[in-house]
Student: 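Would you mind keeping the following structure in view while I ask a few things?
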Amino acid sequence: MKYVLVTGGVVSGLGKGVTASSIGLILQACGLRVTSIKIDPYLNIDAGTMSPFEHGEVFVLDDGGEVDLDLGNYERFLDNKLTRDNNITTGKIYQSVLEKERRGDYLGKTVQVVPHITDAIQEWIERVAAIPVDGKDGPADVCVIELGGTIGDIESMPFIEALGQFSYRVGTGNFCLIHVSLVPVLSVVGEQKTKPTQHSVKGLRSLGLTPNILACRSTTQLDENVKEKLSKFCHVPVENIVTLYDVSNIWHVPLLLRDQKAHEAILRALNLKEVAKEPELREWTSRAELCDLLHEPVRVAMVGKYMGLSDSYLSVLKALLHASVACRRKLCIDWVPAGDLEDITAKENPDNYKSAWDLLKGADAVLVPGGFGDRGVEGKILAAKYARENRIPYLGICLGMQIAVIEFARSILGLKDANSTEFDPNTQNPCVIFMPEGSKTHMGGTMRLGSRRTYFQVADCISAKLYGNNDFVDERHRHRYEVNPEMVEQLEAAGLCFTGKDESGRRMEIFELSNHSYFVGVQFHPEFKSRPGKPSALFVGLIAAASGQLNGLLKKSASGLSNGHSPIKPPHQHEYGTKLVNGIHCNGNGVHI
Ligand code: GLN
């Protein structure tokens with residue numbers, strides 16, 4: 001097993017996760033099998049209890065692991081399936097050491113950060129690196145390890161010490177350290193400044209780690225003399241210094257690395273030159289270029305709670321992007337803060353109310369993503385009602401499904417107080433109820449989490465066709481509440497068809513509304529399994545419906561989703577008056593991917 005460690009210096013938010021994923025991808029393109037580990041030096045055992053507002057979305061794995069969103073980047077770039085143990089936190093390491101201490105495994109010794117915590121970190125890395133994640137047998141060739149945070153953080157010290165020992169133990173030729181740093185350009189003089197990187201490498205070296213490769217974030221290519229200066233002060237050969245300059249979309253990052261021969265530097269450091277082939281990135285390249293050429297917009301209104309931080313819905317945005325590219329449309333997200341749609345905002349803040357409704361009414365499709373807590377729920381219900389009544393394509397994910405059922409029960413069944421017991425425990429018409437798996441008392445154990453199977457109830461339904469006419473589909477879950485099975489008959493009689501259920505038939509997984517072009521709700525989270533080259537079926541359905549391609553797509557569904565797309569049209573200039581971030585046009589107040 002060979003190891004690539006990715007560390008970050010100077011500032012956070014340099015895109016270390018995307019860099020680590022891109023490195024994994026180019027190594028995979030060289031014919032190597034790659035796995036990855038993310039180290040998060042925080043004390044939480046996992047990301048499950050962390051607010052998406054503070055830390056970005058909680059990514060969910062097949063095994064039910066609730067992990068850092070970077071694991072989503074790895075899965076999307078490398079198209080593999082990671083395990084919960086591929087995300088190491090300080091909390092997990094301490095928990096394992098303390099459990100051993102209580103068992104008496106340390107035989108009376110004083111338990112210390114060095115060697116016990118540092119040994120536990122190294123053992124964890126070696127054990128997890130050996131788990132196959134690409135569906136093949138046996139361990140991968142290379143494990144990419146990303147160390148979260150910035151060099152110098154107090155929290156990451158035990159990890160740095162452990163990784164220093166680890167690199168010495170596995171030996172040169174088996175370990176390659178890539179340090180991602182920042183080369184700022186001062187606007188006054190327009191000069192690329194190397195000092196922050198110099199200092200950060202100095203810090204790294206003082207902690208016993210020597211970088212093999214420097215990946216410098218900057219607005220433009222580094223000048224040759226800047227590279228030479230960095231080389232001299234950081235003791236890294238010029239050919240091992242690459243620039244990660246700003247690109248139009250993140251799919252260009254692996255191409256940037258390849259063009260600057262980063263793979264050769266890594267393969268040299270790992271003694272893998274003999275076994276690796278030239279990187280094959282044709283499909284990846286054409287998708288990155290296609291994404292830049294798309295000009296015909298598809299506007300999707302995202303109606304949610306955390307509208308100030310796009311990381312909170314990262315996988316949903318990525319899934320929308322994958323589907324839009326597959327449908328040859330330029331994705332334009334309209335962020336609609338759910339609370340602003342509510343009547344109370346009309347009185348308290350009429351401007352916000354108007355702009356929220358304007359955005360919703362201007363959209364080609366409406367998406368209500370998952371969520372917890374009652375803030376904005378009534379606004380989401382209004383959005384679902386608007387989409388249903390005006391025949392706007394709608395996809396409701398988890399909470400987005402539940403609120404659509406509530407809206408249907410209120411408007412069509414006339415059950416005015418219909419609600420989820422999550423929001424109104426005393427409702428007379430509980431159409432969404434607490435249906436946990438596992439413990440009913442222990443907060444950590446009540447969630448239905450990870451991959452579960454959904455069986456299609458009829459072959460002739462939109463979702464079964466979009467999913468390629470299989471009998472079932474496995475998707476990831478993260479919820480406690482579900483549609484009340486006692487109310488299903490009533491809802492179905494009024495036209496809300498539950499086309500996907502679990503094996504018991506008690507858990508409603510998918511609904512579709514008859515007499516509507518695309519009004520679909522899912523209890524699971526399809527966004528977690530969407531990949532750039534394999535867009536999630538129901539997202540493709542939404543974008544296809546929003547761009548007039550759904551009927552054609554359903555007809556072709558038997559022959560596979562990728563066959564039904566229109567040819568690329570030549571680009572021409574469009575001005576949307578929106579912000580362009582990572583290839584996605586965005587409206588509204590959010591920060592965007
Ligand atoms: N709060 C809802 C539940 O627990 C929805 C969860 C979600 O959207 N992930 O069932």
Side-chain angles (χ1 to χ4, degrees), residues 48 57-67 69 71-72 74-76 79-84 133 135 313-323 326 367-372 394-402 404-405 432 435-438 447-459 461-483 497-512 518-543 557 561:
E57 76 173 6
V58 177
F59 192 78
V60 181
L61 300 169
D62 262 4
D63 67 4
E66 298 173 280
V67 294
L69 54 76
L71 274 83
Y74 300 148
E75 282 204 350
R76 283 187 285 269
D79 192 16
N80 56 15
K81 284 185 181 156
L82 299 172
T83 72
R84 68 175 75 231
V133 294
Y313 300 107
L314 190 64
S315 294
V316 173
L317 293 175
K318 295 295 179 192
L320 282 170
L321 179 66
H322 303 159
L367 191 148
V368 179
F372 295 83
Y394 176 88
L395 180 61
I397 297 175
C398 207
L399 180 62
M401 173 206 203
Q402 299 171 0
V405 172
V432 177
M435 281 178 65
E437 272 182 358
M447 196 89 89
R448 189 162 185 251
L449 264 177
S451 183
R452 299 284 185 281
R453 189 154 287 184
T454 293
Y455 294 87
F456 295 106
Q457 304 300 301
V458 281
C461 64
I462 292 178
S463 46
K465 286 181 190 159
L466 286 170
Y467 272 114
N469 301 306
N470 293 320
D471 296 338
F472 60 81
V473 63
D474 294 328
E475 292 280 17
R476 298 177 185 174
H477 295 66
R478 183 174 186 248
H479 59 94
R480 296 188 177 89
Y481 293 81
E482 281 177 57
V483 176
C497 312
F498 292 95
T499 54
K501 298 183 185 176
D502 78 334
E503 63 282 355
S504 74
R506 299 272 302 162
R507 295 181 188 271
M508 303 304 120
E509 294 282 4
I510 308 175
F511 78 60
E512 292 172 26
Y518 194 84
F519 194 85
V520 176
V522 281
Q523 186 55 70
F524 48 78
H525 289 268
E527 68 270 26
F528 294 133
K529 284 173 77 173
S530 186
R531 305 281 182 263
K534 298 180 193 162
S536 172
L538 297 178
F539 283 84
V540 174
L542 181 75
I543 301 296
S557 73
L561 286 178

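This is a predicted model, so every value here is computed, not measured. Index from 1, following the sequence.
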Student: Does Y481 reach the side chain of Q402, with side-chain heavy atoms less than 4.5 Å apart?
Tutor: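 With C-beta onward as the side chain, the pair touches.
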
Student: Check G521 against M401 and note the closest heavy-atom contact, atom names and distance.
Tutor: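 Nearest pair, atom of G521 first, then M401: C-CG, 3.8 Å.
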
Student: Can you list the residues that meet the side chain to side chain donor-acceptor pair (under 3.5 Å) rule with Y74, with sequence neighbours excluded?
Tutor: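 If we apply the side chain to side chain donor-acceptor pair (under 3.5 Å) test to Y74, skipping adjacent residues, the hits are E146.
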
Student: Taking all non-hydrogen atoms of both residues into account, name the closest pair between M508 and F498 and its distance.
Tutor: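 For M508 and F498, the tightest heavy-atom pair comes out as CB-CD2, 3.5 Å.
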
Student: What's the shortest heavy-atom distance between D62 and K81, and which atoms?
Tutor: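 In this case the closest contact between D62 and K81 is OD2-CD, 3.1 Å.
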
Student: Please tell me whether E512 and T499 have a donor and an acceptor in their side chains that are separated by less than 3.5 angstrom.
Tutor: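 Yes, because at least one side-chain N or O of E512 sits under 3.5 Å from a partner of the opposite role on T499.
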
Student: Do F524 and R476 have side-chain heavy atoms sitting under 4.5 Å apart?
Tutor: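 F524 does not reach R476 side chain to side chain.
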
Student: Are any non-hydrogen side-chain atoms of L542 and L367 less than 4.5 angstrom apart?
Tutor: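 They are in contact (side-chain heavy atoms under 4.5 Å apart), so the answer is yes.
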
Student: In plain terms, say whether R506 and E437 are close enough for a salt bridge, that is, a side-chain N and a carboxylate O under 4.0 Å apart.
Tutor: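 So R506 does not pair with E437 through a salt bridge.
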
Student: Out of E475, Q523, R453, which one pairs with E509 under the side chain to side chain contact (heavy atoms under 4.5 Å, CB included) rule?
Tutor: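 Going through E475, Q523, R453 one by one, the side chain to side chain contact (heavy atoms under 4.5 Å, CB included) with E509 is satisfied by Q523 alone.
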
Student: Let me confirm one number: the NE2-CZ distance from H477 to R452, rounded to the nearest 0.5 Å.
Tutor: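 Here the interatomic distance stands at 7.5 Å.
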
Student: Can you find a side-chain donor-acceptor pair between E527 and S536 that sits under 3.5 Å?
Tutor: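 There is no such pair (donor and acceptor under 3.5 Å, judged by atom type) between the side chains of E527 and S536.
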
Student: Any heavy-atom pair between the side chains of L399 and V368 that's under 4.5 Å?
Tutor: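 Side chain of V368 against side chain of L399, heavy atoms only: no contact under 4.5 Å found.
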
Student: Could you tell me which non-hydrogen atom of L449 sits nearest to which non-hydrogen atom of E66, and how far apart they are?
Tutor: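 Result for this residue pair: CD1-OE1, 3.6 Å.
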
Student: For E75, is there an ion pair with R531 - N to carboxylate O distance below 4.0 angstrom?
Tutor: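 Yes, charged N to carboxylate O under 4.0 Å.
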
Student: In chain order, what residues pass the ring pair (Phe, Tyr, Trp, His ring centres under 6.0 Å) check against F456, with sequence neighbours excluded?
Tutor: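 With sequence neighbours excluded, F456 shows a ring pair (Phe, Tyr, Trp, His ring centres under 6.0 Å) to Y467, given in chain and number order.
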
Student: Is there a donor-acceptor contact under 3.5 Å from the side chain of D63 to the main chain of R84?
Tutor: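 Here the side-chain-to-backbone pair exists.
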
Student: Report yes if the side chains of V520 and F511 come closer than 4.5 Å at any heavy-atom pair, otherwise no.
Tutor: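 No - every pair of side-chain heavy atoms lies 4.5 Å or more apart.
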
Student: How long is the gap from CG on L321 to CD1 on I543, to the nearest 0.5 Å?
Tutor: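 So the CG of L321 and the CD1 of I543 are separated by 9.5 Å.
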
Student: Under a 4.0 Å N-O cut-off, is there an ion pair linking K534 with D79?
Tutor: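 Yes, K534 and D79 are salt-bridged.
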
Student: Where do R76 and S315 land on the side-chain contact (heavy atoms from CB on, under 4.5 Å) test, with the steps shown first?
Tutor: CA-CA 9 Å; R76 283 187 285 269; S315 294; 3.1 Å; yes

Student: Between P526 and F539, is any pair of side-chain heavy atoms under 4.5 Å apart?
Tutor: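 A side-chain contact under 4.5 Å exists here.
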
Student: So, for P535 and S530, which heavy atoms are closest and what is the spacing to 0.1 Å?
Tutor: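 Taking every non-hydrogen atom into account, CA-OG, 3.7 Å.
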
Student: Rounded to the nearest 0.5 Å, what separation is found between the NZ atom of K529 and the CG atom of L61?
Tutor: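 Spacing of NZ (K529) from CG (L61) equals 11.5 Å.
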
Student: Starting from the C-alpha separation in whole Å, work towards a yes-or-no answer on side-chain contact (heavy atoms from CB on, under 4.5 Å) for V67 and V58.
Tutor: CA-CA 6 Å; V67 294; V58 177; over 6 Å; no

Student: Okay, side chain of K501, backbone of I510: is any donor-acceptor separation there less than 3.5 Å?
Tutor: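 No; zero donor-acceptor contacts below 3.5 Å.
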
Student: Is any side-chain heavy atom of C398 less than 4.5 Å from a side-chain heavy atom of H525?
Tutor: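 Of all side-chain heavy-atom pairs linking H525 with C398, at least one is under 4.5 Å.
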
Student: Please report whether the ring centroid of F59 lies less than 6.0 Å from that of F528.
Tutor: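 That pair passes the under 6.0 Å test.
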
Student: Between Y455 and E503, does the side-chain contact (heavy atoms from CB on, under 4.5 Å) criterion hold? Intermediate values first, please.
Tutor: CA-CA 7 Å; Y455 294 87; E503 63 282 355; 3.6 Å; yes

Student: With sequence neighbours left out, write down each residue that passes side chain to side chain donor-acceptor pair (under 3.5 Å) with E482, or none if nothing qualifies.
Tutor: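 Counting only residues at least two positions away or on another chain, E482 forms a side chain to side chain donor-acceptor pair (under 3.5 Å) with R507.
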
Student: Run the numbers on R448 and R478 for side-chain contact (heavy atoms from CB on, under 4.5 Å), then give the verdict.
Tutor: CA-CA 6 Å; R448 189 162 185 251; R478 183 174 186 248; over 6 Å; no

Student: What's the shortest heavy-atom distance between P369 and V316, and which atoms?
Tutor: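 Looks like CB-CG2, 4.4 Å.
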
Student: Below 4.5 Å, heavy atoms only, C-beta onward: do T454 and D502 meet side chain to side chain?
Tutor: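 SC-SC contact between T454 and D502 ruled out.
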
